[in-house]
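Just so you know, residue 1 is the first one in the sequence shown, and it goes up from there. Heavy atoms only: backbone and side chains are in, while hydrogens, waters and symmetry mates are out.
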Amino acid sequence: MAVLDRAAVAAVDSTGQAADVLGLPDHLEDALWRVEAASLRPADTPGGLVVAGMGGSGVGGALARAALWPRLARPLELARGPELPAWAGSDTLVLCSSYSGGTEETLAAYDAAGEAGAPRVVSASGGELAERARRDKVPVIPLPGGFQPRAAVGYSFVVALEAAAVAGCAPSLRAEIEAAVPFARALAEEWGPDGDEDGEAKRLARVLHETVPVIAGPGVAAAAAYRWKCQLNENAKVPAFWAELPEAGHNEIVGWEDAASFGRFAAVFLEDPDAGERLAARVELTAGIIGGEAAAVERVAPRGETRLQRLVSHVLLGDLVSLYVAVLRGADPLGIEPIDRLKAGLAAR
């Protein structure tokens, strides 16, 4: 059995990405302070909130929407591109989230929000986005520098949650976020490199090694499944995909019928106790139906007493699984050279 201890991780992790993953509890706590320091005024926008962001900077909006879904009184939409919904206007708060402050699509969304007369909030570590916001007297929530955008998920998550409260979409979850900090610290200790070699994160990484992971889940777990997919792509440098139940039971399940003839596909079902008995039954039945063609089938129950804690549990576990898969592959989790090539190619046109 391959050892996944601190030394093994350090041999691959050239820039200490593991420390950033394990720092999630501190990021949640620090993000609350940074939002408070920004002194955002209640916007009370009947049109709700639009979170404009890409990749690791935009995932916080997806997680916030999942965490708040049962309590949402107004729309919370995601803009994963340069354009905003046509209905976004003066009654819609737009949160522009770009860790670097230089994301092309988010800069375009910022300008589009201004042209539509929508109130704006910016979250960035600096860059052109922060410069434009300060020029336009738009509130800026300053993020600490030195992270890969995907490692700042705790910041983008909390900022989106608090922006939703500012917009009147849902009540503030500040107390729940504060309670999630020690909870996440305990999980980081259990699942981290110093934890047991047969701990859940390390065990799942060994199961998924040399497979194409397909992550699925219902309810709040669907947002976590998207995060798992992105982290496996970027940290472990493997193709990975995600699906949402019950939708996947109406199409994707058929694609598993001859999956073994195409390659080694592994299915991971992230569970959500809040999704109800009917969706739990769908997870159980779907896992059984595809089991004969999958290289592995795993069902992952979250930890935690609240919806937010369970989401944090799924996110932290997935981040660590992706890190350990990178170690097993000998892949430095830092590199994102294909993304850099794409950006350079676009800049040249």
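A salt bridge does not link Glu131 with Arg135: none of the charged nitrogens is closer than 4.0 Å to a carboxylate oxygen. Ion pairing between a basic and an acidic side chain is recognised when a charged N comes within 4.0 Å of a carboxylate O; Arg71 and Glu176 show such pairing. Salt-bridge check for Glu298 with Arg203: passed, with a basic side-chain N closer than 4.0 Å to an acidic carboxylate O. Note on Asp26 versus Arg185: salt bridge recorded, some NZ/NE/NH1/NH2 to OD/OE distance being below 4.0 Å. Between Arg299 and Glu271, at least one side-chain N (NZ, or NE/NH1/NH2) sits under 4.0 Å from a carboxylate O, which counts as a salt bridge. With respect to Asp111 and Arg132, a salt bridge is recorded, a charged nitrogen being found less than 4.0 Å from a carboxylate O. Salt bridge status for Arg227 with Asp319: present, with a side-chain N to carboxylate O gap under 4.0 Å. Salt bridge status for Glu277 with Arg282: absent, with no side-chain N to carboxylate O gap under 4.0 Å.
Taking the six-membered ring for Trp and thresholds of 30 and 60 degrees, Phe147 and Tyr155 have ring planes inclined between 30 and 60 degrees apart.
Among Thr45, Asp44, Val166, the one residue that satisfies the side-chain contact (heavy atoms from CB on, under 4.5 Å) test with Pro119 is Thr45.
Lys137 contributes no side-chain N or O that, together with a main-chain N or O of Arg134, makes up a donor-acceptor pair within less than 3.5 Å. At least one donor-acceptor pair closer than 3.5 Å links the side chain of Arg206 to the backbone N or O of Ala2.
Applying the salt bridge (Lys or Arg N to Asp or Glu O under 4.0 Å) test to Asp194 and every residue at least two apart in sequence or in another chain returns Arg6.
Through chains of ILVMFWY side-chain contacts below 4.5 Å, Val138 is grouped with Leu107, Tyr110, Val122, Leu129, Val140. Other residues sharing the hydrophobic cluster of Val50, ordered by chain and number and joined by side-chain separations under 4.5 Å: Leu84, Trp87, Val94.
A donor-acceptor pair shorter than 3.5 Å cannot be found between the side chains of Thr103 and Glu105.
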